[in-house]
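Here the structure is laid out as structure tokens; the discussion comes afterwards.
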Amino acid sequence: MKSPIQGRPLCLHTSSSDAAVGALLSQEDDEGIEHPIYYFSRTLRNAKLRHPKAEKSCLTLVHAVQKFRHYLLSNKVVLISRADPIKFLLSKPALIGKTDKCLIQTSEFDITCAPPKAIKGQADLLAALPGEGTTALHEDLPGEFSEISFVKEEAWLLYIDGSSTPSSNNGGAGIVLVSPTGEVFSHSFKMYFWCTNNSVEYEALFIGLSLSKQTGATHLEVRGDSKLLVNQMNGVYSLKEVTLAHYRSEAQNLLNYFADATITHIGCNKNKHADFLATLSSKLQFEGLEETLILRRRTVASTWLSQSKYSEANDWRTPIVQELNSSLSQGKVSLKTLQSFFMLHGVLYHQNPDGSLSRCLGDEEVQLQLNRIHDEIYGQMLVVTLYRRLQLLGYYWPDMET
């Protein structure tokens, strides 16, 4: 046993059987090693033995939060459980029956669900040892628990999203497939046929499942932000649109290929990658079967890419820049003159009487700009003078007007 560290998330393992429930509270250290903090097991008696499986799972969680309350109030909690009813009930917007009375007690805690990567068996072991005077849970293999040594294969993550464009009668699908090792595969598909918001979501699911099958994934967790699609695939909502019946039927056939596949609803803010891909493909117009796009990352703004240097002693800008960069005035430039200048991204600017900004030029650039502008306007009958032309282009040096 080890004392918990304040501010670090806690792991809550829960498990239930026909005759007992158990829970284990643990926490990972800096090296990722999980250390137990507190555990408990409780034997079920009388009417509680007749509770449905979902209610026993909720009862386990309620007993755990009551037992570990002083730990859970000050830390985030990650609920790790193989019991799908707990994850389902915690995600429901409204509960009916006994479960709402149980789970309402968990509302004051910051609890999130996570699937077990490796089933260590601590919580299962506690639940499977209800104490003396009760029937053994594993009569066929006394003293052995196969769950302890069982390691579940990590699942692939599939993020899907669809976007339709009614004005052009087409749409796009965004697919993001993440391998158990963290490798990300991004796909974007253009739909050159008429589709609705719901049908394009099913298209994205169908394509995502096909791509997952091609990768050889057997354990898959599908995540989408369409509540209608997720609930229809899970059997929570009935399907009333005739056009979607074929989509759902084909998707269900594909799901049978995977040994373990779940479809979960997530918020739009957690599905931005797939959403951007879907929006891009729905707006993009191209010829041919595919289009190659290159996306590059830039970490520095374009205005910071080139920095002006004022190191020449005879440059009129040097004393002004030195005064502006110094915390104490050196007296080289009067404050009256200095108040019209300022530095922006390493470049010296002058503020004109009318409030406009002009970039300060050195002697070499002054001659270059004078020759360039003179060649442009030479021989033309223009009202704008050379001086005014330079001023409108945003250039400044002290004897510019002269």
Side-chain angles (χ1 to χ4, degrees), residues 7 163 174 176 182 184 186 188 268-287 291-402:
S163 175
V176 180
V184 180
S186 303
S188 187
C268 296
N269 59 333
K270 296 182 179 179
N271 200 34
K272 290 182 178 180
H273 192 168
D275 177 58
F276 292 156
L277 294 174
T279 304
L280 174 65
S281 58
S282 65
K283 304 294 183 183
L284 188 65
Q285 300 293 333
F286 59 89
E287 300 294 334
E291 183 79 13
T292 302
L293 299 177
I294 299 177
L295 182 65
R296 292 188 174 91
R297 174 186 292 183
R298 296 192 69 175
T299 57
V300 180
S302 299
T303 53
W304 288 92
L305 294 181
S306 59
Q307 298 282 343
S308 299
K309 296 182 179 180
Y310 313 96
S311 57
E312 298 181 9
N314 58 347
D315 194 322
W316 68 271
R317 299 170 298 177
T318 302
I320 298 177
V321 172
Q322 291 176 351
E323 286 283 356
L324 292 175
N325 291 334
S326 177
S327 58
L328 298 176
S329 176
Q330 300 177 5
K332 297 181 180 180
V333 183
S334 65
L335 294 178
K336 183 178 180 180
T337 303
L338 202 62
Q339 66 183 3
S340 300
F341 295 91
F342 64 92
M343 299 291 294
L344 179 63
H345 294 182
V347 179
L348 183 64
Y349 285 85
H350 177 267
Q351 187 170 13
N352 303 313
D354 60 354
S356 60
L357 300 179
S358 299
R359 184 167 62 90
C360 299
L361 304 182
D363 293 339
E364 293 183 3
E365 197 173 1
V366 164
Q367 193 61 44
L368 179 64
Q369 295 299 335
L370 277 173
N371 295 336
R372 185 179 68 84
I373 302 302
H374 182 269
D375 293 340
E376 289 180 0
I377 65 175
Y378 178 74
Q380 300 181 17
M381 298 299 295
L382 299 176
V383 178
V384 180
T385 63
L386 177 61
Y387 163 69
R388 183 58 179 163
R389 177 68 174 167
L390 290 165
Q391 193 178 46
L392 290 174
L393 290 173
Y395 300 130
Y396 174 84
W397 62 93
D399 54 351
M400 178 178 173
E401 187 174 0
T402 304

Please name all residues satisfying side chain to side chain contact (heavy atoms under 4.5 Å, CB included) with Leu393, sequence neighbours left out, ordered by chain then number.
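Side chain to side chain contact (heavy atoms under 4.5 Å, CB included) check on Leu393 returns Arg372, Ile373, Arg389, Tyr395.
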How would you list, by chain and number, every residue that makes a side chain to side chain contact (heavy atoms under 4.5 Å, CB included) with Tyr387, sequence neighbours excluded?
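Partners of Tyr387 by the side chain to side chain contact (heavy atoms under 4.5 Å, CB included) criterion, ordered by chain and then number, come out as Thr385, Gln391, Met400, Glu401.
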Counting only pairs under 3.5 Å, give me each side-chain donor-acceptor contact of residues 349-357, with atom names and distances, residues two or more places apart or in other chains.
{"unit_1": "His350", "atom_1": "ND1", "unit_2": "Asn352", "atom_2": "OD1", "d": "3.0"}
{"unit_1": "Asn352", "atom_1": "ND2", "unit_2": "Ser356", "atom_2": "O", "d": "3.4"}
{"unit_1": "Asn352", "atom_1": "ND2", "unit_2": "Ser356", "atom_2": "OG", "d": "2.9"}
{"unit_1": "Asn352", "atom_1": "ND2", "unit_2": "Ser358", "atom_2": "OG", "d": "2.9"}
{"unit_1": "Asp354", "atom_1": "OD1", "unit_2": "Ser356", "atom_2": "N", "d": "3.1"}
{"unit_1": "Asp354", "atom_1": "OD1", "unit_2": "Ser356", "atom_2": "OG", "d": "2.7"}
{"unit_1": "Asp354", "atom_1": "OD2", "unit_2": "Ser356", "atom_2": "OG", "d": "3.4"}

Should Thr279 and Ser282 be marked as a side-chain hydrogen bond (donor to acceptor under 3.5 Å, both in side chains) after you check the CA-CA gap, both sets of side-chain angles, and the distance that decides it?
CA-CA 5 Å; Thr279 304; Ser282 65; 5.2 Å; no
Residues in side chain to side chain donor-acceptor pair (under 3.5 Å) with [X], at least two apart?
X	value
Ser188	Ser281
Asp375	none
Asn269	none
Asp275	none

Begin from the C-alpha positions of Leu348 and Ile320 and carry the test side-chain contact (heavy atoms from CB on, under 4.5 Å) through to its verdict.
CA-CA 9 Å; Leu348 183 64; Ile320 298 177; 4.0 Å; yes
Return the minimal non-hydrogen interatomic distance between Pro319 and Asp315, and the atom names on each side.
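So the two residues come closest at CD-O, 3.6 Å.
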Any idea which heavy atoms bring Val333 and Glu323 closest together, and the distance?
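Closest approach of Val333 to Glu323: N-OE2, 3.7 Å.
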Given 3.5 Å as the limit, does a donor-acceptor pair link the side chain of Arg317 with the main chain of Cys360, or not?
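Looks like yes, one N/O pair under 3.5 Å.
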Between the side chain of Trp316 and the main-chain N/O of Leu361, is any donor-acceptor distance below 3.5 Å?
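Yes; at least one donor-acceptor contact below 3.5 Å.
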Drop me the distance from Leu390's CG to His374's NE2, to the nearest 0.5 angstrom.
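Reported to 0.5 Å precision, the distance equals 11.0 Å.
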Got a second to check how far Asn271's CG is from Phe276's CZ, nearest 0.5 Å?
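Those atoms lie 10.0 Å apart.
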Checking Asp363 against Gln367 for the side-chain hydrogen bond (donor to acceptor under 3.5 Å, both in side chains) test, could you report, in this order, the C-alpha distance in whole Å, the side-chain angles of both residues, the deciding distance, and whether it holds?
CA-CA 6 Å; Asp363 293 339; Gln367 193 61 44; over 6 Å; no
Which residues share a ring pair (Phe, Tyr, Trp, His ring centres under 6.0 Å) with His273, sequence neighbours left out:
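So His273 forms no ring pair (Phe, Tyr, Trp, His ring centres under 6.0 Å) with any residue.
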Please determine whether the number of non-hydrogen atoms from other residues, nucleotides or ligands lying under 6.0 Å from atom CG of Leu335 exceeds 12.
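Check fails, neighbour count at 12 or below.
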